Protein chains: 2
Amino acid sequence: MKMSEGIEWAIHCCTLLAALPEGTALPVGRLSEFHDVPKDYLAKHLQSLSRAGIVQTTRGPGGGYRLGRPAERITLLDVVEAIDGKDPCFQCTEIRRRGPSAVGAAAYKKPCGIARAMWSAEAAWRRELQKVTIAALVAQAAEEVDPKQIEKSISWLERTTGG
Amino acid sequence: MKMSEGIEWAIHCCTLLAALPEGTALPVGRLSEFHDVPKDYLAKHLQSLSRAGIVQTTRGPGGGYRLGRPAERITLLDVVEAIDGKDPCFQCTEIRRRGPSAVGAAAYKKPCGIARAMWSAEAAWRRELQKVTIAALVAQAAEEVDPKQIEKSISWLERTTGG
DNA sequence: ATATATTTGGATGATATATATCCGTAATCA
DNA sequence: TGATTACGGATATATATCATCCAAATATAT
């Protein structure tokens, strides 16, 4: 069970967009340059974020992507679900209804106990993701990340928003 | 992010094996018949369980699969990791080290904060899976499942162990 | 108006992973 | 010896992920 690499990209993009000066936006070309990932494929993921309202877009010169709401109100769960969908990872195929022990459909009122246990664990995962906001990640990075890297990022950003 | 269907099969197999009389075993053909899944492919997953020690096997006539230890000491996490491996779902590709903000390798002592948050959520998922034992699932099923289905399962099992 | 920059969505291709089957070998039992 | 079974390797097929390209829509500036 591997998670799409696009999720990693999307989260990184959100943290970068959170550092963007008010009133400015970053086009996909610059986002892909910053993260060194394929531009067209990144664009697909950003479109998913856009549809989910996590980012807002404006077309045309000077346009691009910016956060759709304050970073305090964007959680990792929001991003994960925007990219990966909301379907549970564990898919119950109702094998209990097959084979020689199967009985009439009326006997299967509750979901399969195995599925319930798996889904319950997934719920715990989602709850944890929901606790972490983009703002928290940015704050954490401000503490931990090498000042040199932060400086480089800021000057790179200024090259965009200034020009 | 979809979970392998083999995990569902494996858990169902474990709960069935937990109901097996002491000293008996079920060959893969009967397990696949009971669950109505492809025999050869199920065999692959059972071999994974075997390598993990979750089930024990004996070859030859009368042989087959049985639990490798009491059902109280087999958790959903054990089964999931046996089938799916122990790799984290979220794979950090260190994109922070790429692009124009990258700095020297020495600056990246801690794992990326984004990865840590994702892994922390996964840990919560694993903890929940670890709380659920095969024995608990069997006990729950005994409460919930239609008595008719239980009866059918038992008589089907007797056809194997008796003959 | 025209040219430029940008997102959007559809179509398509490439690569990787999951699913499924087959076969030869080893082990076990009667 | 013969039957039964697990095991592991090889292979085939299906599905999902990854990636690219293009036409259309939209916005800005000149």
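Small disclaimer: the values here were computed from a predicted structure and weren't measured. Throughout, protein chains are lettered first and strands after them, A, B, ... in sequence-line order, and every chain is numbered starting at 1.
Distance check, rounded to the nearest 0.5 Å: CD of Glu8(A) to SG of Cys92(B) gives 5.0 Å. Expressed to the nearest 0.5 Å, how far CG of Leu20(B) lies from CG of Leu26(B) amounts to 4.5 Å.
Between dC18(D) and Ser4(A), a contact under 4.0 Å exists linking OP1 or OP2 to a side-chain N or O. Checking the phosphate oxygens (OP1, OP2) of dC7(D), a side-chain nitrogen or oxygen of Thr57(B) falls inside 4.0 Å. Taking side-chain N and O atoms only, Ser50(A) has no distance below 4.0 Å to OP1 or OP2 of dT7(C). Within the structure, a side-chain polar atom (N or O) of Arg51(B) is placed less than 4.0 Å from OP1 or OP2 of dG8(D).
Distance Gln91(B) CD to dC18(D) P: 11 Å, rounded to the nearest Å. As rounded to whole Å, 6 Å separates atom P of dC18(D) from atom NE2 of His45(A). Distance, Lys2(A) NZ to dT15(C) P: 16 Å, rounded to whole Å. Distance Asp87(A) CG to dT15(D) C1': 15 Å, rounded to the nearest Å. Taking atom CZ on Arg59(A) and atom C1' on dA24(D), their separation rounds to 9 Å, with Å as the unit. One atom, CG of Leu42(B), and another, P of dA6(D), lie 10 Å apart when rounded to the nearest Å. Atom C1' of nucleotide dT26(D) and atom CD of Gln56(A) are separated by 16 Å, given to the nearest angstrom. Atom P of nucleotide dA19(D) and atom OH of Tyr41(A) are separated by 6 Å, given to the nearest angstrom.
Projected onto DNA chain D by closest heavy-atom contact, Pro61(A) and Pro38(A) fall at different nucleotides, the more 5' of which corresponds to Pro38(A). Between Gly60(B) and Gly60(A), the residue anchored closer to the 5' end of DNA chain C is Gly60(A), taking for each the nucleotide with the nearest heavy atom. Between Thr58(B) and Gly6(A), it is Thr58(B) whose nearest contact on DNA chain D lies nearer the 5' terminus.
With respect to Glu128(A) and Lys131(A), a salt bridge is recorded, a charged nitrogen being found less than 4.0 Å from a carboxylate O. Salt bridge Glu144(B)/Arg116(A): present, at least one basic N to carboxylate O contact under 4.0 Å.
There is no side-chain donor-acceptor pair under 3.5 Å between Gln56(A) and Ser50(A).
The side chain of Trp9(B) lies closest to dA20(C) when the candidates are dT4(D), dT8(C), dA20(C). Nearest to the side chain of Tyr65(A), among dT21(C), dT7(C), dA6(D), sits dT7(C).
In this structure, Lys44(B) reaches the bases: a heavy-atom distance under 4.0 Å links it to at least one base atom across the strands shown. In this structure, Gly29(B) reaches neither bases nor backbone, as no heavy-atom distance under 4.0 Å exists between it and the strands shown.
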